[in-house]
Amino acid sequence: LGKEKFHKSQHWGFCNNVAMLVGEDKPGIGGEPLPGQKLKPKYSVFPAGMGSDAPAWVAFDKQVLSFDAYVEEEVPDKNQELYRIRHCKIYFYLEDDTIQVIEPRVKNSGIVQGTIVRRHRIPLPPPNEDEYYTIHHFNINTEVIFYAQRYKITDCDQFTKNFLRKMGVRLNPPASRPDDPYTKERQKILDSMNPLRPYERIDTLKQFLEHDGHVLRFFCVWDDPESMFHDPRELVLHYYLSDDTIDMKEITPANSGRDAVPLFLRRDKLPKYAPTGLYQPGTITARTVLNVFGNLVGNRGRYILDNRKTGAVHQEFYRDSDLKIGEVINVWGRKILLCDCDEFTKDYYRTKYGIEDFTPVAYKTPPPPKPEKTFPPYTGFGSEEDSLCSCKGLLPKPPQKDFKKFLEKDRSGLESNILRFLAKFVMDSPVDKDRKFIICYFLSDDTISVYEYTQRNSGILGGKFLERGRIKKPGQELFKSEPSEYFKAQDLFVGARVCFHGHNFLLVDADEYTINYMEKHANEFSVADTGFILKKLKDIAEPRSREIRQVFAATDPEHTKVIAYEPFRNLIVSITDGAFSEHEIMTIGRYYGVKEEYETDLHLLLAVAQEQLKKNSFEDFGQLSAVFVYNDREKCGVLPYQMCRTICKSFKLPLADDLLEAVLTVFEDDNKQVEYKKFLDGLNWRENQIPAFQTIRLPLKNEDDWNGQPPSLPFKKIKYLPLLDDLFGKEE
């Protein structure tokens, strides 16, 4: 019989001339089904295109149908019950048509419960055991047979009902689930039974779950009368909200002479009033028990629970409502004063009891004021900071430098963070008045160095004039206790007079980087803050607004709305009576100046580009030209700017980005198209080397080599009408 069933469902076939067992769905010769073979339909009852194309294990992932069912079992050889009703759950997993049967566990049932049928595909009962249960075999108020065990389905959950309705299944009305007669009878017996022992439920689990880890903390003081010096002893009281217990710890000051103990009071409930005598063990209990018969019936007694607690010893304990700031509590005969609490405790009392007054109780005498620390005057040996460190401790430490400032203001790429000014001597000597100096201020450590500009036939050797270092301001006492003041970056600006070690300098100009840096950080440099300067100028010139407008109009007789810088400077000086420095006037001029556009020198750009290519030994101009020609599909001799830049980058052309963009821009036409043939001819240093290349001076890379010549202003004319409008408003 087993072989017959096997041949009905499986048969042999050949694959690559190898005999092997093939599936049950493969038909016989000519497509005719084999004897006993049932072919599954190839087409669904639903029309094509409905639903998702995802596989079942994706579309029905974590989707389970749940059915309520029960099993009726016979119980032989037992008078208490003839049959048994076992309730269970049937789970049908939609992703793979597997079924699982679970029976909920019943207390003291004595039956192995839990998973009755593990999850797997369950075959149909004979004679259809070659098929498996599908979703169409399940409905409410029907029976299913799993391995000869009959299950009666009574109901299902809402998700299962909705899913079956969408599948076109007409649901039957729910059936009633019968109760197990033995379980029902046993429950009646349990309900009528009384506990043989005294039983009173005291449930503190809710309080523990709500307040576990919540602790109120109070700062207390105890004036110990038995202490030799009657000094107060500081304590910390912890009230645990989870079980209403209290513990206390003592804060032992340093060098107090007392032994440090872990706890001043161990954690327990604290009674409000200490009893006159100690209770015997077992006197205070949570429950009271009465002996009904006493010793009348031999040595056996019968005890019942005293619900009225007539013989109980009542004792009140401290609760959270009894603790507040300023209250005195009795801790086993010791008077403890609550002086303060932490923020969590304040929030707790503010929320639960509405208390708002948490004024602490002052129990400490205010500490004496610390005497002002005085330092001896500077001795003249070493730096002032180093000498001061030797006065702050027994072990002298070197003075700490501002390392963060050093990292932020140190040279980084093109950012030198060095302010350079052109200066000259302030003296009447005809030999020294024409000497020029370059003053460099290093922002990383506030140091200053001075270099003298070398001039031909002056008779003075140029070079380093003052070593780099911090310079003190003049007019300070040398041997004093207070630290000296040093020159800062804010003390240096165009027009400032400074004295370095007895040499008076006048700052007459600054390089472009310095001016731009000061304008960028206008909040640190007031002489470069346009808003501050305009407000200062408005306060001075507002009473004479009409007169100032007439003076500016007289300076511009042709009504061009612009004036030259020199007349503008003279007008500002006359208006402010010399209250403005040269740097402030220059800041206004730069803000309202008409900037001139300079045309880029083509020969200079190509010379710099050829020099870079020659240094890097780049000679692949033929291959580069072939790539340009290949990308020129229309053979018009021009390519878009972005495409040309991409081709140059792909060849790793050794040119800086700004230089490459500048050269490409020169060869652009009006349509943003680059003439790549002229561009390549200009870069080819082998065939088209620029003849005047040797006479072109490249810009200096090292900023320390700045010669100090005053840079030409990027403006020559000033728009004075916007300035007058910002100062006095628009004229009607």
Quick one: does D410's side chain have a donor or acceptor within less than 3.5 Å of a partner on L407's backbone? no
Just wondering, more than 12 heavy atoms not from E356 lying within 6.0 Å of its CD? yes
Closest heavy-atom contact between R121 and Y147? O-OH, 4.4 Å
Above 12 or not: heavy atoms from other molecules or residues under 6.0 Å from CZ of F403? no
Do F358 and T345 come close enough that some side-chain heavy atom pair is under 4.5 Å? no
Is R266 salt-bridged to D247, going by a charged N under 4.0 Å from an acidic O? no
So which atom in A59 and which in A54 form the shortest heavy-atom distance, rounded to 0.1 Å? CB-O, 4.3 Å
As an exercise, state the distance from NZ of K89 to CD1 of I116, rounded to the nearest 0.5 Å. 13.0 Å
Which atom of A69 lies closest to which atom of I153, heavy atoms considered: CB-CA, 4.0 Å
Test item: Q113 side-chain N/O and V106 main-chain N/O as donor-acceptor pair under 3.5 Å: yes
Where is the tightest heavy-atom contact between Q63 and F159, given as atom of each residue plus distance? OE1-CZ, 4.0 Å
Atom CZ of F208: over 12 foreign heavy atoms under 6.0 Å: no
Would the number of heavy atoms belonging to other residues, nucleotides or ligands and lying under 6.0 Å from NZ of K249 be above 12? no
Would one find more than 12 heavy atoms of other residues, nucleotides or ligands at under 6.0 Å from atom CD of E74? no
Return the minimal non-hydrogen interatomic distance between P173 and N141, and the atom names on each side. O-CB, 3.6 Å
Run the salt-bridge test on R186 and D180 with the 4.0 Å N-O cut-off and return the result as yes or no. no
Contact between R645 and C648 at the side-chain level, heavy atoms closer than 4.5 Å - yes or no? no
Under a 4.5 Å cut-off applied to non-hydrogen side-chain atoms, are M248 and V236 in contact? no
Can you check whether F163 reaches F92 side chain to side chain, under 4.5 Å on heavy atoms? no
Rounding to 0.5 Å, atoms SG (C339) and CG (L237) come to a distance of 11.5 Å
Is there a side-chain contact between V71 and E103, using heavy atoms and a 4.5 Å cut-off? no
Set out, in order, the CA-CA distance, both residues' side-chain angles and the distance that settles side chain to side chain contact (heavy atoms under 4.5 Å, CB included) for K346 and D340, then state yes or no. CA-CA 10 Å; K346 293 178 183 179; D340 201 358; 4.2 Å; yes
For a side chain to side chain contact (heavy atoms under 4.5 Å, CB included) check, start with the C-alpha distance between D96 and R119, then their side-chain angles and the critical distance, and finish with the verdict. CA-CA 10 Å; D96 54 0; R119 178 181 173 182; 3.4 Å; yes
Under 3.5 Å, is there a donor-acceptor pair between the side chain of T351 and the main chain of Y348? no
Roughly how far, to the nearest 0.5 Å, is CG of D130 from CG of L124? 8.5 Å
Check whether more than 12 heavy atoms from other residues, nucleotides or ligands sit under 6.0 Å from atom OH of Y363, and answer yes or no. yes
Would you check if the side chain of N172 reaches a backbone N or O of I140 as a donor-acceptor pair within less than 3.5 Å? yes
Which value, rounded to the nearest 0.5 Å, describes the distance between K649 atom NZ and D657 atom CG? 3.5 Å
For side chain to side chain contact (heavy atoms under 4.5 Å, CB included), just list the numbers for L270 and L265, CA-CA rounded to whole Å, side-chain angles, deciding distance to a tenth of an Å, and then say yes or no. CA-CA 10 Å; L270 181 63; L265 176 68; 4.2 Å; yes
Can you tell me how the ring of Y133 sits relative to the ring of H137, calling it parallel under 30°, perpendicular over 60° and tilted otherwise? perpendicular
If you count heavy atoms of other groups shown closer than 6.0 angstrom to NZ of K652, is the number above 12? no
May I ask you to test the L323-L216 pair for a side-chain heavy-atom distance under 4.5 Å? no
Decide, yes or no, whether a salt bridge links R350 with D347 under the criterion of side-chain N to carboxylate O below 4.0 Å. yes
Side-chain heavy atoms of D259 within contact of T252, under 4.5 Å: no
Report the C-alpha distance between F146 and Y151 in whole Å, list the side-chain angles of each, state the deciding distance to 0.1 Å, and finish with yes or no for ring pair (Phe, Tyr, Trp, His ring centres under 6.0 Å). CA-CA 8 Å; F146 298 155; Y151 294 86; 5.3 Å; yes
Regarding R177 and D68, does a basic nitrogen lie under 4.0 Å from an acidic carboxylate oxygen? no
Derivation and outcome, salt bridge (Lys or Arg N to Asp or Glu O under 4.0 Å), residues D243 and R267: CA-CA 10 Å; D243 54 358; R267 179 176 174 179; 3.1 Å; yes
Is the side chain of T160 donor-acceptor paired with the backbone N or O of S66 at a distance under 3.5 Å, no angle test? yes
Spacing of CD1 belonging to I336 relative to CZ belonging to R233, to within rounding of 0.5 Å: 9.5 Å
One thing to verify: whether R319 and D244 come together as a salt bridge, which I'm taking to mean a side-chain N less than 4.0 angstrom from a carboxylate O. yes
Within 45° of the six-membered ring axis of Y353 and under 6.0 Å from that ring's centre, is NZ or CZ of K324 located there? no
Using only atom types and a distance under 3.5 Å, with no angle test, would you say the side chain of Y318 pairs donor to acceptor with the backbone of V331? no
Check: V64 and Q100 side chains under 4.5 Å, non-hydrogen atoms: no
Between F138 and F67, what is the ring plane arrangement, given parallel below 30°, perpendicular above 60°, and tilted in between? parallel
H87 side-chain N/O to P178 backbone N/O, donor-acceptor pair under 3.5 Å: yes
Between E408 and K405, does any side-chain N to carboxylate O distance fall below 4.0 Å? no
Does the pair E72/K152 count as a salt bridge with the N-to-O cut at 4.0 Å? no
Trace of the side chain to side chain contact (heavy atoms under 4.5 Å, CB included) decision for V117 with Q149: CA-CA 11 Å; V117 180; Q149 184 70 49; over 6 Å; no
Whether R633 engages the ring of Y630 as a cation-pi pair (distance to the six-membered ring centre under 6.0 angstrom, angle to the ring normal within 45°) should be assessed. yes
Y70 side chain to I85 main-chain N or O, any donor-acceptor pair under 3.5 Å? no
Got a sec: does the CD of Q400 have more than 12 other heavy atoms crowding it under 6.0 Å? no
Please give me the minimum heavy-atom distance between L241 and Q207, naming the atom from each residue. O-NE2, 3.0 Å
Hey, does the side chain of N139 reach the backbone of R170 with a donor-acceptor pair shorter than 3.5 angstrom? yes
Is it true that E234 and R258 have a side-chain N and a carboxylate O under 4.0 angstrom from each other? no
Can you measure from CZ (F264) to SG (C220) and round to the nearest 0.5 angstrom? 10.0 Å
